[in-house]
Amino acid sequence: MNTIKSYDYTVVEKKWQDKWFKDRIYEAKKDGGKKFFIHFAYPGVSGYLHVGHMRGFTYCDIIARYKRMSGYNVLFPAGFHASGIPSVAFAKKVERGDRETIALLQKNGCSDEIIKKLSDPREVVHYFSKVYVEDYWKRFGFLIDYSRLMDTISKGYNRFIQWQFHKLYQKNLLIQKPHFAPYCPQCGPVAVDKSETDVSKGGNAEILEFTIIKFKMRDGTILPAATLRPETIFGVTNMWVNPDAIYQKIRIDNEIWICSKECTKKLSYQMENIELLYEEVKGKDLVGKTCFVPLINREIPILSGTFADPNIATGLVMSVPAHAPYDWIALVESKKDIDPIQIIDVKGFGTNPAKEVCEQLNIHSQTETEKLDQATEILYKKEFHTGFLNENCGVYAGIKVSDIKDQVRNDLIEKKLATVMREFSEEVICRCGEKVVIKQIPDQWFIKYSDENLTEMSKQHVSSMNIYPQEYKEEMPKVLEWFDDRAVIRKGSWLGTEFPFKKDWIIEPISDSTLYPAYYIVSKYVNENKIISDEMTNEFFDYIFLGIGKAKNNTWRTIRSDFEYWYPVDINLGGKEHKTVHFPVFLMNHVAVMPERKWPKGIFVHWWVTQKGREKISKSKGGAEPIPQAATTYGVDAMRLYYAHVGSPFVDVEWDPEVVNKYKNRIINIWKFINQLIKTRSTKEDKHLDKWLKSIINRRIQKIIDAFEKYDIRVASNEIFFEIQKDLQWYLKRNGGNKKLLEETITTWIKLMTPIIPHLAEEIWHILGRKNYISNETYPTPNPMDISEEDELGEQLISQTIKDIHEILKVTRIKAKKIHIYTASSWKHKMMQQAIELEKENKLDMKNLMKTAISELEMKDLGKEVSSYANKIIGEIKKMNESDKKQYTIPIDEKKHLEQSVDFLKKEFSTDFEIHKADEKNIYDPMKRAKLAVPLRPAIFIE
RNA sequence: GCAGGGGUAGCCAAGCCUGGCCAACGGCGACAGACUCAAGAUCUGUUCCUGUAGAGGUUCAGGAGUUCAAAUCUCCUCCCCUGCACCA
């Protein structure tokens, strides 16, 4: 029995992959039938992937394989997203000999010669593209159409993107306006994001918009106070300056401002017309002077406040002691006699909310920043959601804070009493060591996603799409509504397509990845050298995608007809990180550029594989198992089954080697089990059992297909790998052994498995003597003729009876000498059916039931027993659902079924059995059990 | 702040849309038995509580409600998570 050794998954998997790929069974063929176009959001190519990434890819291959086997021509292409900074960053690391990077490459078997080449970003892209194809996708047996591989930095693709932007321009969806973006004075534009590719600190920073309110001093000089709560202007009692900070005078347009030195530098990137006056003002020299609150022209003192940080915004803070805990505490510490002015009425607080919350948290000093931050948050939230501006607020009195915030700000700006300054929520440091600032780009280009027409059409289209999970379908219209204009070009060292309307500016990587599935139609011909990039003009794409103009040659016509056949995309599959960026732009660009019948038909979003503790697996943390290593350790089929079955696609799962190992055992177990079944020599037929097996397998097939049609891969795999195996085990346990039937069932079974574990299925297929590929076979469909309700019910009767006997034995702890089983009297069956009939007509009650029952002659004699049974089932039936009721209408000879199985029962309980029917005369029934028997629940007596 | 997701037995995780097939799929773990020299693997059974006859009781974050009937619908409360733009 060392079949375990005979399943060498490494060899088997390699063997079939070689054959599939040599025979190019993956190539999409259009033969006029139904088509299905599926792809995954193509990955960036700037490093090795990990086992988490394989989850989505695997779903895609499973769906594609299922569809192939279900009679569709499937197009499942793949490509590489090469634009942006990542590959440039990687190349830079190699160039400067970053030890970690080099070690990673070496560990993955990269030769020194290749490593040398990888200081070129384009080589990085090519190297990793090859790794993905050979070590990941082919290694997992994916039937991707490898003849269509492409990346986003090829010439042809560039032409394609430029065409797209011409179209957007023509449709007035490209607009220009000022934009503010992170910028390193040394390196130029940088990306601030959690993975911190560009920055060494502050990846979590957000860009905050401070309102800068202009407080005039007596000499006309402006003190610009920065605030996130402009509506509190009516409660200002004083100004805070940091006595130890150095402030500077600057001229902006015709105004003279005083702000911190640090602020000057930042502002110079955000505003035009800033002129340094080279005049410093010490903070402590401002203390004691006064200034005027704009709008209400109240004169207020300037006080010393050490918490006013020159690094944050302007370094000047307006003081609202009634509503800002910091201000309140500073005011207390200053010992000045100033009355706070309450301007917001909020439930649960009195005339000075800031004071009250400080007292609650026991705060006494400006230095207790942690508590003060907490106090600020509590108060702010409360006031924002439930507060109203009071009579001190002039025209704004009586309005809810949450409704008024932006209005106060806009009014102030309109009256030129305020302006806006952008600031990071925390310090951001570039990889070069320089502080990152926010820079204004006055004429940035945007794609106008806010366009009403575009948004509306996209939203409407969503309702006709297949979007999984359902929750995302409901979310999508809201996302589209919320999605704002997106800046699309950038100047700097990164890869991508040159923007056609501004030389040397490159289209950013999200915007060049929206229509790309359409390019898979073209890439095949590019790869086969049937068309060269120079030929791919705007006229070319107009013809291919829009049918405008004339074909220049036959290749054009062929590509056009391919596009007409394959497009639109049926499923675009991607991780949940794409929900709010990639999928919306994917949809909206199609709506903007393509004709309506080419708009996407479906989106499938999957969740992640995380590290233990729910952390996202990250490349930088290196915590993830390399894919080829995992494939060797567990086997590809085991990993595919793991992804398919471990959880719903719509939850995160934790990567746990032990769990994956269980699936590996499962694969070996299935291998052994099937081989054992194949060896069955017996040709014994058992009419009932064989019919039962056929019937139950047919039901499974129906359920599996239903699940697959909804892409419910987990349910499908549960049925295939767990439920069917249980059925077969029951068949064997019941002593079934019809070789012919078993072989048929196995054939069906491995076909069912093929989309999920194609290698093992293919191997067994050939062991069974088949010469073609199971991967090209047709997926099983249920045959209604094979359904036998009676035989299924019979088996259910047996297993229910066994369960009952077990329970009795357990509770009573008797050792059985002999077990008697009594099936219910015929009149009980009859009455049950009558009752169900009456229920259907809504006439079920005691009177009607008894009337119907008594009309049957034999029941007359039974008297009381009849009425008490009738009483009992009336209640029961009312609680039954349709399938419960249906069971009782299936004609079944319980006694016959039990008698057929008596040998099995004897073996199961190692004891003697006798089957009786309750209405037989003179049966052995010392404990008077027989009368307790009811349909489908025979009475039991154990002696 | 904006938009969204979620809290189910020791753990992971179905079910919730379309209320009754639900003591609640499946897996893992645990326990018992089988196979075995043994270990692993595999197979069978048990795994909320009670129970000497197949039963009963109490459960699906907490609270209130709708209903003949609620894990499932409604409302409130508490707690956790995700995305938010020049990052792919």
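Remember, predicted model here, so these are calculated numbers, not experimental data. Chain letters run A, B, ... following the sequence lines, proteins first and then strands; every chain starts at 1.
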Taken to the nearest whole Å, CZ/A:Arg409 to P/B:G1 is 17 Å
Interatomic distance where CD1 belongs to A:Ile667 and P belongs to B:U42 [whole Å]
13 Å
Dot-bracket, 5' to 3', for RNA chain B please: Watson-Crick or G-U pairs under 3.5 Å, [ ] where pairs cross earlier ones, | where the partner sits on another strand, dots elsewhere.
((((((((.[[[..)....(.....]]]((((((.......))))))(((....)))...[[[[[..)....]]]]])))))))....
What orientation do A:Phe909 and A:His806 show, parallel under 30°, tilted 30 to 60°, or perpendicular over 60°?
tilted
Which nucleotide in B:C28, B:G4, B:A53 has an atom nearest any side-chain atom of A:Thr812:
B:A53
Could you state the atom-to-atom distance from CD of A:Glu577 to C1' of B:G5 in whole Å?
15 Å
Lys/Arg-Asp/Glu bridge criterion (N-O < 4.0 Å) met for A:Lys201, A:Glu426:
no
Would you mind classifying the nucleic acid contact of A:Glu471 as base, sugar-phosphate or nothing, using non-hydrogen atoms under 4.0 angstrom?
sugar-phosphate
Classify A:Val190 by what it touches in the nucleic acid, base, sugar-phosphate, or nothing, heavy-atom distance under 4.0 Å.
sugar-phosphate
Have A:Gln796 and A:Glu792 got a donor and an acceptor in their side chains that come within less than 3.5 Å?
no
Would you call A:Lys703 and A:Glu723 a salt bridge, taking side-chain N to carboxylate O under 4.0 Å as the test?
no
Taking the C1' atom in each of B:A9 and B:C22, what is the distance between them to the nearest angstrom?
13 Å
Nearest whole angstrom, please: distance from the C1' of B:C43 to the CG of A:Leu677.
14 Å
Reckon A:Tyr472 touches a base, only the sugar-phosphate, or nothing at all at heavy-atom distances under 4.0 Å?
nothing
Indicate whether OP1 or OP2 belonging to B:G40 is found under 4.0 Å from a side-chain N or O atom of A:Asn665.
no
Pick the nucleotide of RNA chain B nearest each of A:His645 and A:Phe446; which residue has the one closer to the 5' end?
A:His645
Using atom CH2 of A:Trp482 as one end and atom P of B:A85 as the other, report the distance to the nearest whole Å.
7 Å
Checking side-chain polar atoms at under 3.5 Å, does A:Thr211 have a donor or acceptor matched by the opposite partner on A:Thr227?
no
May I ask you to check whether A:Phe604 and A:Phe650 place their ring centres under 6.0 Å from each other?
yes
Rounded distance in Å between the C1' positions of B:U59 and B:G15
16 Å
When all nucleic acid strands are considered with a 4.0 Å heavy-atom cut-off, which category describes A:Ile942: base, sugar-phosphate, or nothing?
base
Is there a side-chain polar atom (N or O) of A:Arg714 under 4.0 Å from OP1 or OP2 of B:G15?
no
Pick the P atom in B:U36 and in B:G20, then give their distance to the nearest Å.
48 Å
Grab the two heavy atoms, one from A:Tyr449 and one from A:Asp485, that are nearest each other, plus how far apart they are.
N-OD1, 3.2 Å
What interatomic distance, in whole Å, is found between C1' of B:A24 and the corresponding atom of B:U72?
12 Å
On the nucleotide B:A14, are OP1 or OP2 found under 4.0 Å from the side-chain N or O atoms that A:Ser648 carries?
yes
Has the side chain of A:Asn718 got a donor or acceptor atom sitting under 3.5 Å from an opposite partner on the base of B:G26?
no
Can you figure out which of B:G54, B:G4, B:U52 approaches the side chain of A:Val811 most closely?
B:U52
NA contact type, A:Trp494, heavy-atom cut-off 4.0 Å: base, sugar-phosphate, or nothing?
sugar-phosphate
A:Ser83 and A:Asp512 side chains, donor-acceptor separation under 3.5 Å:
yes
Considering only the P atoms, how many Å lie between B:A71 and B:A61, rounded to the nearest integer?
10 Å
Taking CG from A:Asp484 and P from B:C2, how many angstroms apart are they, rounded to a whole number?
16 Å
List the atom of A:Phe446, the atom of A:Ala487, and the distance in Å for their closest heavy-atom pair.
CD2-N, 3.3 Å
Compute the ring centroids of A:His39 and A:Tyr516, then answer whether they are less than 6.0 Å apart.
yes
Scan A:Glu723 against the nucleic acid and name what it touches under 4.0 Å (heavy atoms): base, sugar-phosphate only, or nothing.
sugar-phosphate
Say we look at B:G63 and B:G19: how far apart would their P atoms be, to the nearest angstrom?
24 Å
Scan A:Ala181 against the nucleic acid and name what it touches under 4.0 Å (heavy atoms): base, sugar-phosphate only, or nothing.
nothing
Charged tip of A:Arg422 within 45° of A:Phe180 ring normal and under 6.0 Å:
yes
Please give the distance between the P atoms of B:C60 and B:A23 as a whole number of Å.
13 Å
Regarding the side chain of A:Lys576, the nearest nucleotide among B:A3, B:U82, B:A85 is B:U82
Verdict with supporting geometry, A:Tyr634 and A:Tyr663, ring-ring contact (aromatic ring centres under 6.0 Å, His included)
CA-CA 8 Å; A:Tyr634 308 107; A:Tyr663 284 96; over 10 Å; no
Within the structure shown, what part of the strands sits under 4.0 Å from A:Phe941 by heavy-atom distance: base, sugar-phosphate, or nothing?
base
Indicate, with a heavy-atom threshold strictly under 4.0 Å, whether A:Pro938 touches base, sugar-phosphate, or nothing.
base
Atom-to-atom span, CH2 of A:Trp607 to P of B:A14 - whole angstrom
12 Å
Measuring from the side chain of A:Arg937 (C-beta onward, heavy atoms only), which nucleotide among B:A88, B:G27, B:A55 has the closest atom?
B:A55
Could you tell me whether A:Ala41 contacts a base, only the sugar-phosphate backbone, or nothing, with contacts defined as non-hydrogen atoms closer than 4.0 Å?
nothing
Under 4.0 angstrom, heavy atoms only, what part of the nucleic acid is A:Val651 near: base, sugar-phosphate, or nothing?
sugar-phosphate
Sticking with atom P, work out how far B:U74 lies from B:A85, rounded to a whole angstrom.
32 Å
A:Ile510 or A:Glu943, whichever maps to the more 5' nucleotide of RNA chain B
A:Glu943
Could I get a table of every N or O pair under 3.5 Å where one atom is in the protein and the other is in nucleotides 44-49 of chain B?
from: B:U44; atom 1: OP1; to: A:Gln729; atom 2: OE1; distance (Å): 3.3

I need the CE-P distance between A:Met476 and B:G4, as an integer number of Å.
14 Å
How is A:His582 classified with respect to the nucleic acid when contacts are heavy atoms under 4.0 Å: base, sugar-phosphate, or nothing?
nothing
I need the minimum non-hydrogen distance between A:Leu793 and A:Gln887, along with the two atoms involved.
CD2-O, 3.5 Å
